[in-house]
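Here the structure comes first, spelled out in structure tokens, and everything after it is commentary.
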Amino acid sequence: MVLVLLLPLLIFIMAVAYFEYDEWDKRLKSTALAETVRGSITFAAGSSEDVLNGDIDAVSDMIRRIIKSEQNYNDNTLLHLTTIVVLDADGGVLARTGADQVKPGREYQGPLPQGIASATQLVHDRDQPFAEIDTNNATLLAYAPIDWQGQRLGAVINEYSLAPLNAQQREIIGLFLLRSLAAIGAAMLLGLLIVRWITYPLISIIRNLPQLGSGRFSLPALAAREDEYGTLTNALSEADRRIHKSNLALQKEIEERRQMEGDLKLAATVFENSSEGIVITDRDNNILSVNNAFEKLTGYQRTEVIGKNPRILKSGRHDSHFYQDMWRHINAEGRWQGEIWERRKDGVVYPKWITINAIRDDTGELTNHMAIFSDISERKAAEQRIYHLAHHDALTGLANRTLLGDRIRHAIHQVRRSGRMVAVLFIDLDGFKLINDTLGHEVGDTMLCKVAERLQSLVRDSDTVARMGGDEFLVLLSDIGHEEDAARVAEKVVSAIAEPYHINGQELRTSPSIGISIYPQDAADENALIRSADTAMYHAKAVGRNNFQFYTGSMHEQVLERLDLEHGLRQAIERDALELEFQPQYDVRQERVTGFEALVRWRHDDRGPIPPTEFIPIAEESGLIVQLGEIVLRQACLQSLAWQHAGMSSFRIAVNVSARQFWDGSFATRVQKVLEQTGARAECLELELTESTLLHHRSEKEKELHELRAMGIKIAIDDFGTGYSSLSYLKRLAIDRLKIDRSFVHELGHDSESEAIVIAIIKLAQTLNIELVAEGVETTEARDFLVAHGCNVMQGFLFGHPQRAAAWKVS
Ligand SMILES: Nc1nc2c(ncn2[C@@H]2O[C@@H]3COP(=O)(O)O[C@H]4[C@@H](O)[C@H](n5cnc6c(=O)[nH]c(N)nc65)O[C@@H]4COP(=O)(O)O[C@H]3[C@H]2O)c(=O)[nH]1
């Protein structure tokens, strides 16, 4: 760097020196020319007379003197006069230094000034003296004409050697170079010093300058100096410290700003991508900004709402009090949250869950409001669905017990002071369990739905139809004037429910047993009202089903009694306290007992014997019939075996099988198991099933009947003629025997229709080759009628009441 600086300086110095030298050289040469011209003029003037006179010797002498005097000064002069030539008017040499060279008259051939071709031309053409240095800078020629009174006599040419001058010039140049070198050396030295004292520290400082502001600017050696560098270094160190400090502060601020920007970006992203609609308003509640979700949820573009009041979204569902309350809350608490209904741009009103916040600045001044909302249509719908599920029956969609309770409570509340009444109709479908068990739950469910539809169609919108579970329905008449109103509805229910149902190509029937309770006379609250109706319903069932009964206080006793019976029966079954009686079946033609019907007997601990017509329905409804039936079957088999072992004729024992017992699980397997366990012969067993038990066609049950028959067991149809039979099953199921129902037998001799039915049954059995037994034969007239028409086997009081096995000693 220093060299770079020194080089131009050096060049400058040398250039100056060169120009000075050139000036000097020019001046010297100009002086030399002037001097030599003067010398030649002096010579020309001094020799002119001699030349005029032709005194060559004088001229030559003059030349010798001059040369001689020149030689005395040779050492000190810069110009060395080497030759003097005197020419005549024609350029011929008159005299010259060195006599041997003189050849008078002969033209001078020595060096001539530039542009002069010959000595003659020189003498003739040049009137003025002059001096000139040759092109080689080796010789100087000085010329002066020799005139006499205006006549050209000749001329003198002095030739000088420039060697001394050139030698001095070289010396001077050498000196100059020496001086320059010295100057360069000095400059370099100076440079080194500058480098050492100025540049190095400067470079260190410059090199460290990038550290300025980093807090690492440190030049302790320089800082210790007491000169400007020390001051500069300390100043820079201080500047570094300060810059570093402010840099740190700046960085912190930048970081904070970056963080803030990040936060803002994040906030903006969250704002735009939030699935919840966001509205920001100014303090006057004019919309400043909305996000994408707002556009999506409301249908409004942001350009349509900016600057507007959010009331443009109002649905009109809320009154002014709602909004006043809301704003009171926002102003007082700074926040309001709740459900609000608003209108989309397309006009659809929808619910949303909204949170409105008042935003205040540091001074507490209100600046904005921000509302965040989400469309809760789906949630509301889900809530409604859940509410519906929680309050409605899943199968039929009717109200369930919970909702019904609410409705009854509400209805009671409504009529409490009006003197009007609330009626509850408890409806149970007769025989539904059998349909459900025999045809499957799908059919049962379909039937329940159809019943629900029919019930719904019978009542007013203000009334409620509920399903209590299973086949139990309840109709709430929320506001009636008289009990007869309830009776009228009950009548309609009876006839509507009794209409046939067409399901899966089958015609099915059921009937309702209805219990009615009335508020205020029967109960004071919803639960008691339902209970009373339930009690009345049991009564309706007990009195023959397919009817309705109003609740009376005594019914309650009956229900308790029924519950007591069920309890007692359960205990009797557990204690194996049931016994059998056997009623003979008598073949009139053979005049002998051919079989017995086993009939169950139960003696209640407190109440004595209870007739099967009373406890069998309870057993059926409670499900105890399955266990009871198995007990009877087992005891009948054991008795058959006992009679066999006692050597009595092998009688066939008929056992009643209830529908529920038959349809419960694999009946055939259970029968087989009992036969195996008791060791009784299958041929001695007859199973009596009612028509209604076989009413519904199910392949697996048909298979079971065939299995039973394959074992040797006989199948009889009990109470034949009382059910709704298609008769086709008689052939399909290969029934062994028909039992003519005693209701027809009792009418023999009294009722021609019953007689016709009995005759038809006998004919049917004969045609299909099915055995017959007539039950309930009490009179000889009945016996004779039956015999006369071809039915020889009978059962009835005429032939014997049911009695304990021990009573029968028949061989
Ligand atoms: N009026 C009149 N009645 C007569 C005459 N001959 C017999 N009876 C009665 O008629 C019923 C015949 O049984 P059921 O029709 O199967 O009707 C039976 C049957 O449906 C059911 N039952 C009885 N025992 C059982 C049983 O072990 N299992 C099942 N599932 N039901 C049974 O209870 C019903 C009634 O049984 P019981 O009271 O024993 O009544 C018996 C019997 O005592 C007569 O000449 N005149």
Side-chain angles (χ1 to χ4, degrees), residues 434 565 569 572-573 576-586 588 593 595-604 608-640 653-664 667 670-671 674 685-694 715-723 737-750 754 773-783 785-786 791 793-805 807-808:
L434 183 63
L565 276 183
L569 182 62
I573 290 170
D576 204 11
L578 300 175
E579 292 178 338
L580 297 188
E581 284 189 346
F582 296 89
Q583 186 175 30
Q585 293 173 338
Y586 190 78
V588 179
V593 174
F596 289 91
E597 179 180 4
L599 294 159
V600 68
R601 297 291 178 255
W602 173 37
R603 175 177 286 276
H604 192 278
I610 312 287
T613 45
E614 204 173 315
F615 70 82
I616 290 291
I618 291 173
E620 280 175 340
E621 277 160 26
S622 63
L624 289 170
I625 193 72
V626 178
Q627 284 167 272
L628 184 147
E630 209 161 312
I631 288 171
V632 171
L633 185 66
R634 190 178 303 276
Q635 286 191 20
C637 285
L638 289 171
Q639 189 56 55
S640 163
I653 297 182
V655 174
N656 285 288
V657 176
S658 91
R660 199 146 176 206
Q661 184 186 356
F662 176 69
W663 286 95
D664 184 73
F667 175 68
R670 286 204 306 276
V671 173
V674 172
L685 186 61
E686 181 175 280
L687 298 174
E688 287 187 10
L689 293 98
T690 62
E691 276 182 285
S692 55
T693 302
L694 299 173
I715 305 294
I717 302 298
D718 202 2
D719 309 335
F720 189 76
T722 57
R737 194 187 318 213
L738 298 181
K739 286 188 86 173
I740 304 169
D741 191 67
R742 64 178 176 277
S743 59
F744 304 122
V745 175
H746 285 171
E747 297 300 323
L748 294 177
H750 311 289
S754 294
V773 57
E775 62 177 5
V777 181
E778 296 179 358
T779 61
T780 51
E781 289 80 19
R783 180 197 61 190
F785 181 94
L786 289 163
C791 174
V793 182
M794 297 171 208
Q795 180 183 342
F797 296 160
L798 186 66
F799 306 98
H801 285 263
Q803 289 187 64
R804 295 287 154 83
W808 301 110

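Numbering of ligands and ligand atoms starts at 1, following listing order.
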Of E686, E688, E597, the residue whose pairing with R737 passes salt bridge (Lys or Arg N to Asp or Glu O under 4.0 Å): E686
Is there a protein heavy atom at a distance of less than 4.0 Å from atom 40 (O) of ligand 1? no
How far is atom 36 (O) of ligand 1 from the closest protein heavy atom, and which atom is that? P612 CG, 3.6 Å
Within the structure, is a non-hydrogen atom of Q661 found at a distance of less than 4.0 Å from ligand 1? no
Only heavy atoms count here, so choose which of F797, F662, F615 is nearest to atom 5 (C) of ligand 1. F797
Indicate, as side chain, backbone, both or neither, the part of V632 found under 4.0 angstrom from ligand 1 when only non-hydrogen atoms are considered. side chain
Could you tell me, atom by atom, which parts of ligand 1 come under 4.0 Å of a heavy atom of D719? 15 (O)
Between E581 and P802 the two heavy atoms that sit nearest each other are OE1-O, 3.1 Å
Side chain, backbone, both or neither: K739 near ligand 1, heavy atoms under 4.0 Å: neither
Does G629 have a non-hydrogen atom less than 4.0 Å from ligand 1? no
Once the angle between the rings of F662 and F667 is folded into 0 to 90°, is it parallel (under 30°), tilted (30 to 60°) or perpendicular (over 60°)? perpendicular
Can you pull out the closest protein heavy atom to atom 6 (N) of ligand 1? Residue, atom name and distance to 0.1 Å, please. Q583 NE2, 2.7 Å
